[in-house]
Amino acid sequence: MPDASRRRLNRVLPRALDDTRDCHTGVLRSRPSRVLPLMGLPLMRLWPCVLLLACGCRVNRPPNDHAATQTLYSSMGSDPGTFNPILVTDSASADAIGDLFEGLVKQNPKTNLIEPDLASTWTLGPDGRTITFHLRHDVRWSDGVPFTAADVLFTLRVIFDPNVPNSISFALTIDGSPITAEAPDPYTVVMHLKRPFAPLMSSIQFPIIPAHTLSHAYSSGQFNRTWGIDTPPAQLVSLGAYRIVRYVPGQQIAFRRYADYWMHDPNGGRLPRLHGQVLLINTDANSRYLQFVAGLTDVYSPRPEEVFTLEQQAARLGITIAPVGIDTGSLFFAFNRNPRHYIHNGVIDPRYKWFTDINFVRALAHAVDKQGMINLCFRGLAIPAVSDVSPENKLYYNPNLKDYDYNLALAAHLLDEAGYKLRDGVRYDPAGHRVEFELTTTAGDEALRGEMCVIFKQDLEKLGIKVDYRPQEFISLVKRLEKSFDWDCMLMGFTGSLEPNDGANFLRSSGNLHLWNPSEPTPATPWEAEIDRLLDEGAAVMDPQARAPYYWRIQEILHDQLPIIETVRARRFIAYKNSLQNYVPTVWGLYRPEMIEFRAD
């Protein structure tokens, strides 16, 4: 689910890693350790505000000029990893640059229909293999250069370049072939497809990048090093509703309304209505809550333990707290099945044999106490998760999957049958190796993810399995996932979308976020090959209802083969100041965020 508390233009992105599933909705983020003053008020001074709230006393909230300056303040738990929209694989980066770039089309989060964005109209050819986009003539990049079809062609070229690692290409590949495109004139783009492709309109919401700015870096082989977080904001050439004007690592990202933004309201008024945004970076979840109740931020995605308190204090704080829906992403335990990590010089690490042994993993699936996690970690504000697709996705969610019951006796029985025997309280594999492995998640989320890991660890130890729980700083975790592959079991979250093919970077055996064994040259197992085939076949069926069985089958395969073990899905809430107008959160994102403004007092 997109983070509905952030004022972001709605973009459907490929599946992304989410390290803040406990309090937002999002992807992988770094976590600086320092605590810094915010708006002149040290964080430690916020504690008395919460004590006063608990006592029912009147709170003298610090004055701010958010409404007077039409500047929206929000927060996130980590710094971005990149400012390059093509290279984004984490939600912090997506939050940071989500308002800087736009695609040809966008999805309405209320109706779920595709609407024009940088393309004003489009026409699908009679054979379904050609689509012509007519671009807006009134769009300029932030350096004054007109946006043209050359930018679209350049973006596609970069996306399909195998030397540019990105998640977008997997959702745009048709039977292994890229989409080709041509520009008969500066404001027309004609895309050619290998065959009719049902997910096309969802998949082409990718951000367009400026050819005139980035072509040199690309041609010289430096694109993957371009627009890192050390790039001065003035050098980021964009065309979205906002521009970054300041980035202070570990503190904040400040945005200013783009003066020449193309969109206007029905009366010709300037959009967006907000003049700016400030995104405060705070690694501590408790401090982010305190920032909100103290009035330092205007919108907030509360954790489960905060919902009741905010509801009770809503009138006093001048806020609204609204239910949004069931989390559209997923939160799961994944086991590393990557032979590049576990097999060296013909020697096979026993952990590889365990994690690829379906009987072993099925036993562990019965050791996940989902109801305990819901009660203890989520205060009852969650539901058990069975599929990687959320039940909010009414069309493509498979309702027929039967969950793995929490049953330690059954788990022990399955382990025994598979040859993993218990001796003196210690579990050994058939070759006599003690069963022990490392469990990790992102550091800083102890209130939820940490508690979930502890519950899982305790239950596994009841089975005689030794678990070494080591939470990791986000940057370290990303490196282990994408480069060293040095991990055993991980509690991780992914974002979700309405279109199942948008998760091709996770589902395909060749996907860069195919976590358990990324970027396989060929499918490592028959069931992974079947998923690849189902993705191709499902994308060829144009009737949405007729497509559903393909994705139901994919969910069934994942449920049976257990490369990931689903845990729970939170019931999401959004809190925001009553002075905000036109703030309309939905389960799939904010509706018409360009219309948000503060009410004049």
Side-chain angles (χ1 to χ4, degrees), residues 332-369 404 406-441 452-472 476-477 479-492 509 514-529 557-567:
F332 51 80
F333 290 107
F335 290 91
N336 193 348
R337 300 181 178 185
N338 192 335
R340 286 163 286 181
H341 175 56
Y342 290 123
I343 302 177
H344 298 285
N345 299 320
V347 178
I348 303 176
D349 189 297
R351 290 171 295 179
Y352 178 74
K353 296 181 179 179
W354 307 338
F355 300 155
T356 55
D357 182 350
I358 189 60
N359 297 308
F360 177 84
V361 182
R362 282 177 182 165
L364 268 56
H366 286 289
V368 178
D369 185 3
Y404 291 86
Y406 171 63
N407 188 329
L408 291 182
L410 176 57
H413 174 72
L414 292 174
L415 288 170
D416 288 338
E417 280 195 332
Y420 299 86
K421 301 297 184 180
L422 192 66
R423 298 199 302 268
D424 298 324
V426 177
R427 186 75 59 176
Y428 295 89
D429 71 7
H433 301 105
R434 181 175 184 177
V435 180
E436 57 180 313
F437 56 82
E438 181 184 284
L439 170 63
T440 189
T441 191
M452 293 173 70
C453 285
V454 169
I455 290 173
F456 191 42
K457 167 184 166 69
Q458 290 174 344
D459 282 328
L460 292 181
E461 289 177 343
K462 292 175 184 177
L463 297 172
I465 297 173
K466 182 181 178 181
V467 177
D468 183 11
Y469 172 51
R470 295 183 180 180
Q472 296 283 312
S476 298
L477 184 144
K479 290 179 179 177
R480 295 174 75 180
L481 275 174
E482 298 184 346
K483 295 181 180 179
S484 73
F485 311 121
D486 182 16
W487 60 280
D488 294 334
C489 178
M490 181 181 299
L491 178 62
M492 180 51 62
S509 60
H514 192 69
L515 282 187
W516 56 95
N517 190 7
S519 305
E520 298 174 9
T522 58
T525 63
W527 60 267
E528 288 171 292
I557 294 171
L558 293 176
H559 178 267
D560 292 344
Q561 298 299 327
L562 290 172
I564 59 175
I565 300 177
E566 296 290 343
T567 59

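Model, not experiment: these values are computed from the prediction. The first residue in the sequence is number 1, and the count goes up from there.
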So, does Asp349 use its side chain to make a donor-acceptor pair with the main chain of Arg351 at under 3.5 Å? yes
Minimum heavy-atom separation for Pro430 and Ala418, please, with both atom names. CG-O, 3.8 Å
Listed partners of [X] passing salt bridge (Lys or Arg N to Asp or Glu O under 4.0 Å), at least two apart:
X	result
Glu528	none
Lys462	Asp459
Arg470	Glu438, Asp468
Asp369	none

What's the spacing between [X] [atom1] and [Y] [atom2] if we round to 0.5 Å?
X	Y	atom1	atom2	answer
Trp516	Leu562	CH2	CG	11.0 Å
His366	Ile565	NE2	CD1	10.0 Å
Trp354	Phe335	CH2	CZ	11.0 Å
Tyr420	Arg434	OH	CZ	16.0 Å
Leu439	Leu460	CG	CG	8.0 Å
Glu436	Arg427	CD	CZ	14.5 Å

Please determine whether side-chain contact (heavy atoms from CB on, under 4.5 Å) holds for the pair Leu463 and Val435, giving the CA-CA distance in whole Å, both sets of side-chain angles, and the decisive distance to 0.1 Å. CA-CA 10 Å; Leu463 297 172; Val435 180; over 6 Å; no
Can you label the angle between the Phe355 ring and the Phe360 ring as parallel, tilted or perpendicular, going by 30° and 60°? tilted
Aromatic ring pairing His344/His341, orientation class (parallel under 30°, perpendicular over 60°, tilted between): perpendicular
Listed by chain and number, what are the side chain to side chain donor-acceptor pair (under 3.5 Å) partners of [X], not counting sequence neighbours?
X	result
Tyr342	Asp488
Ser509	Asp532
Gln458	none
Tyr404	none

Quick one: side chain to side chain contact (heavy atoms under 4.5 Å, CB included) partners of [X], sequence neighbours excluded?
X	result
Ala409	Asn407
Ile348	Ile343, Tyr352, Lys353
Lys421	Asp416

With the side chain counted from C-beta on, respond yes when Leu481 and Gln472 share a heavy-atom pair under 4.5 Å apart, and no when they do not. no
Heavy-atom side-chain contact between Ile465 and Leu364 under 4.5 Å: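 The answer is yes; the side chains approach within 4.5 Å.
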Tell me every residue that passes ring pair (Phe, Tyr, Trp, His ring centres under 6.0 Å) with Phe456, counting only those two or more places apart in sequence or in another chain.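 Checked Phe456 against ring pair (Phe, Tyr, Trp, His ring centres under 6.0 Å); matches are Phe333.
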Among Leu558, Val368, Leu515, side-chain contact (heavy atoms from CB on, under 4.5 Å) partner for Phe332: Leu515
Under the criterion side-chain contact (heavy atoms from CB on, under 4.5 Å), I'd like the reasoning laid out for Met490 against Leu477: C-alpha separation, chi angles, the key distance, then a yes or no. CA-CA 10 Å; Met490 181 181 299; Leu477 184 144; 4.0 Å; yes
Under 6.0 Å from the ring centre and within 45 degrees of the ring axis: does the NZ or CZ of Arg340 meet both conditions for the six-membered ring of Phe485? yes
Carefully, step by step, assess Arg337 and Val361 under the rule side-chain contact (heavy atoms from CB on, under 4.5 Å). CA-CA 11 Å; Arg337 300 181 178 185; Val361 182; 4.0 Å; yes
